[in-house]
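All figures in this text were calculated on a predicted structure; none of them were measured in a lab.
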Amino acid sequence: MTDAAADPVHAFIAQTVAEHPVVLFMKGTPEAPRCGFSALTVQILDHVGAPFVGVDVLQDEALREGIKAFTDWPTIPQLYVKGEFVGGSDIVREMFGAGELQTLLAEKGVALGQD
């Protein structure tokens, strides 16, 4: 990770992740995902009842590239829980299928089933 103070995009990402228990950096919005991987991740989060904030990386090229550099992870979407990078769509899907996503959310104190 780079120095957040030197990069306003990284500072925005760090602040967003710090302020919200569950954050999904995605293409589109939770209501209107603009790629299949983002849509799948939103469906999984909705299914487990995890309240989350969606950040549309398509609105800003610097953010779209910045989030990849921030985590050194090449793809979007990217899920964060309590400030910790969890992974992308494939990892979230695998964790959900194994019950690990629900366990992680519960261990991190994220109240599930709340709207």
Which atoms form the tightest heavy-atom contact between [X] and [Y], and what is the distance?
X      : Y      : value
Pro21  : Val110 : CB-CG2, 4.4 Å
Gln102 : Met95  : OE1-O, 4.1 Å
Ile76  : Val57  : CD1-CG2, 3.6 Å
Leu40  : Ser89  : CD2-OG, 3.6 Å
Val42  : Pro30  : CG1-O, 3.7 Å
Ala69  : His10  : CB-NE2, 4.0 Å

Inset, instruction - Say whether Met26 and Phe96 are linked into one hydrophobic cluster, either directly or through other cluster members, by side-chain heavy-atom distances under 4.5 angstrom. - result: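 In one cluster with Met26: Phe96, yes.
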Report the distance from atom [atom1] of [X] to atom [atom2] of [Y], rounding to the nearest 0.5 Å.
X     : Y     : atom1 : atom2 : value
His20 : Gln15 : NE2   : CD    : 8.0 Å
Ser38 : Asp56 : OG    : CG    : 8.5 Å
Thr75 : Phe37 : OG1   : CZ    : 8.5 Å
Gln78 : Thr41 : CD    : OG1   : 11.0 Å
Leu63 : Lys68 : CG    : NZ    : 10.5 Å
Thr71 : Ile13 : OG1   : CD1   : 8.0 Å

Inset, instruction - Side-chain contact test, heavy atoms from C-beta onward, threshold under 4.5 Å: evaluate it for Val92 versus Leu24 and give yes or no. - result: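 SC-SC contact between Val92 and Leu24 ruled out.
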Inset, instruction - Go through Val55 and Ile67 one step at a time and tell me if the side chain to side chain contact (heavy atoms under 4.5 Å, CB included) criterion holds. - result: CA-CA 11 Å; Val55 178; Ile67 189 66; over 6 Å; no
Inset, instruction - Show your reasoning for whether side chain to side chain contact (heavy atoms under 4.5 Å, CB included) applies to Glu84 and Val81. - result: CA-CA 5 Å; Glu84 177 184 322; Val81 176; 5.6 Å; no
Legend entry - Criterion side chain to side chain contact (heavy atoms under 4.5 Å, CB included) against Leu79, the qualifying member of Ile91, Leu101, Val23: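 Among Ile91, Leu101, Val23, the one meeting side chain to side chain contact (heavy atoms under 4.5 Å, CB included) with Leu79 is Leu101.
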Inset, instruction - Could you please spell out the steps behind the side chain to side chain contact (heavy atoms under 4.5 Å, CB included) verdict for Phe25 and Val17? - result: CA-CA 10 Å; Phe25 289 89; Val17 168; 3.8 Å; yes
Legend entry - Stepwise side chain to side chain contact (heavy atoms under 4.5 Å, CB included) check, Phe70 with Asp7: CA-CA 10 Å; Phe70 187 80; Asp7 186 335; over 6 Å; no
